[in-house]
2 protein chains.
Amino acid sequence: MDLDIGEVARRSGLPVSALRYYEEKGLIAPNGRRGLRRQYDAGVMQRLALIALGRNAGFSLDEIGRLIPAGPGDAPALDRKMLAARADELTSTIQELTVLRDALRHTAACRAPSHAECPTFMAALSHPGRIAPFRGKRKLTK
Amino acid sequence: MDLDIGEVARRSGLPVSALRYYEEKGLIAPNGRRGLRRQYDAGVMQRLALIALGRNAGFSLDEIGRLIPAGPGDAPALDRKMLAARADELTSTIQELTVLRDALRHTAACRAPSHAECPTFMAALSHPGRIAPFRGKRKLTK
DNA sequence: GTTCCAGCTCAAGTCGGCTTGAGGTCAAGG
DNA sequence: CCTTGACCTCAAGCCGACTTGAGCTGGAAC
């Protein structure tokens with residue numbers, strides 16, 4: 001029992017335009033068509049979940065495409081190396097965010113007359129190498 | 001002893017084009033000009049550090065502009081409420097990323113013949129509400 | 001049999017954060 | 001004097017991930 005694109009949109013929370021876009025990018029594909037209409041089988045939902053997972057992990061759609069080629073017989077074949085690498089990156093991202101959050105929290109709470117006089121704040125400011133933005137493609141996710 | 005834009009670029013790691021762009025957005029301003037050339041005082045470095053901090057925390061340049069108006073006498077006046085709110089958001093972002101990283105790591109290591117047979121993987125997939133992308137402006141930072 | 005609705009295609013637009021390019025200015029050095 | 005190099009302005013372009021709009025189709029309901 002196949003699903004109309006609208007139904008997939010409803011179930012996934014993604015706009016139909018995004019679904020068509022994903023198709024264009026080769027991330028999903030309808031089972032076939034009924035007339036003009038794309039018909040999806042229920043498995044697409046899992047694939048979308050997987051894509052979302054990837055997006056949340058900071059992969060671009062192109063990377064996701066490389067990461068989860070539709071394996072033969074529909075089980076996505078994941079690239080374990082890429083996953084492990086991203087896991088490591090996430091670890092350092094998490095680390096940075098944690099430092100940042102603590103600094104933010106402290107700064108918000110700190111009652112020094114001027115932030116310039118708060119050592120925690122100043123320490124966060126002079127944290128080495130933090131001025132130039134990440135040059136990576138990490139995005140998380142908009 | 002004032003700095004040329006090129007010197008600021010060198011010290012901060014930011015391209016000059018980005019510095020001019022920041023100026024256009026009202027985030028930094030030269031001390032004055034010598035001929036046509038912008039001259040910055042050393043304090044700009046701290047301000048850039050602050051901006052970088054904000055970007056890393058996921059604020060847009062516009063938000064940063066609102067967050068750190070150049071206080072009277074050059075000490076930036078931070079909006080403590082906004083900071084606290086973002087700290088809370090960071091906490092949940094961190095939480096999500098941690099779950100994700102663990103799932104990734106596990107998936108990479110897992111030797112089940114197909115990922116479909118790995119319960120950890122499947123659990124990550126069906127984690128509720130994770131399909132639709134965040135609609136916020138969070139970006140982290142590119 | 002016409003009015004709808006959901007779907008279709010293709011091209012163009014949007015947004016943030018810059019970058020790039022063309023063309024101009026200016027001080028210092030050979 | 002003329003070149004070089006660092007800077008200047010302004011307009012346009014770029015990237016990813018979609019969205020929007022115009023104009024079309026095809027089945028179903030009245």
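Throughout, protein chains are lettered first and strands after them, A, B, ... in sequence-line order, and every chain is numbered starting at 1. These numbers come from a predicted model, not from an experiment.
- Rounded to whole angstrom, the span from the CD atom of E24(A) across to the C1' atom of dG16(D) amounts to 13 Å.
- Among residues two or more places apart in sequence or in another chain, the salt bridge (Lys or Arg N to Asp or Glu O under 4.0 Å) test is passed with D88(B) by R105(A).
- Remark: C1' of dG17(C) and CZ of F59(B) are 17 Å apart, rounded to the nearest angstrom.
- A salt bridge links R10(A) to E7(A): at least one charged side-chain nitrogen sits closer than 4.0 Å to a carboxylate oxygen.
- Taking for each of D62(B) and G35(B) the nucleotide of DNA chain C with the nearest heavy atom, the 5'-most of the two is the partner of D62(B).
- Straight-line distance from the CD1 atom of I51(A) to the P atom of dA17(D): 12 Å, rounded to whole Å.
- For R34(B) and dC26(C), the CZ to P distance is 14 Å, given to the nearest whole Å.
- Across every non-hydrogen atom of L19(A) and A9(A), the tightest pair is CD1-N, 3.7 Å.
- I94(A) and I94(B) make their closest contact through CG2-CG2, 4.0 Å (heavy atoms, listed as atom of the first residue, atom of the second, distance).
- Looking at the side chain of S17(A), the nearest of the listed nucleotides dA17(D), dT20(D), dC18(C) is dT20(D).
- Atoms NZ (K25(B)) and P (dG16(C)) sit 7 Å apart, rounded to a whole Å.
- Nearest heavy atoms, A42(B) versus L3(B): CA-CD1, 4.3 Å.
- In this structure, R10(A) atom CZ and dG7(C) atom P are separated by 11 Å, rounded to whole Å.
- For the atom pair CD of Q39(A) and CZ of R33(A), the computed distance is 10.0 Å after rounding to the nearest 0.5 Å.
- D2(B) is linked by a salt bridge (Lys or Arg N to Asp or Glu O under 4.0 Å) to nothing, counting only residues two or more places apart in sequence or in another chain.
- Pairs passing the salt bridge (Lys or Arg N to Asp or Glu O under 4.0 Å) check and including a residue from residues 13-30 of chain A, sequence neighbours excluded, read E23(A)-R38(A), K25(A)-D62(A).
- Contacts of R101(B) classified as side-chain hydrogen bond (donor to acceptor under 3.5 Å, both in side chains), with partners at least two apart in sequence or in another chain: T91(A).
- Rounded to whole Å, atom P of dA17(D) lies 15 Å from atom CG of L48(A).
- Rounded to an integer number of Å, the gap from L19(B) CG to dT20(C) C1' is 16 Å.
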* To do: Summarise protein proximity over nucleotides 2-9 of chain D in one line of letters, 5' to 3': B for base, S for sugar-phosphate only, - for none, counting protein heavy atoms closer than 4.0 Å.
  => ---BBSSB
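- The shortest distance between the side-chain N/O atoms of Y22(A) and the OP1/OP2 oxygens of dC18(D) is below 4.0 Å.
- Across its full length, the helix from dG1(C)-dC30(D) to dG30(C)-dC1(D) shows an angle of 30° between the axes of its 5 terminal pairs at either end, rounded to 10 degrees.
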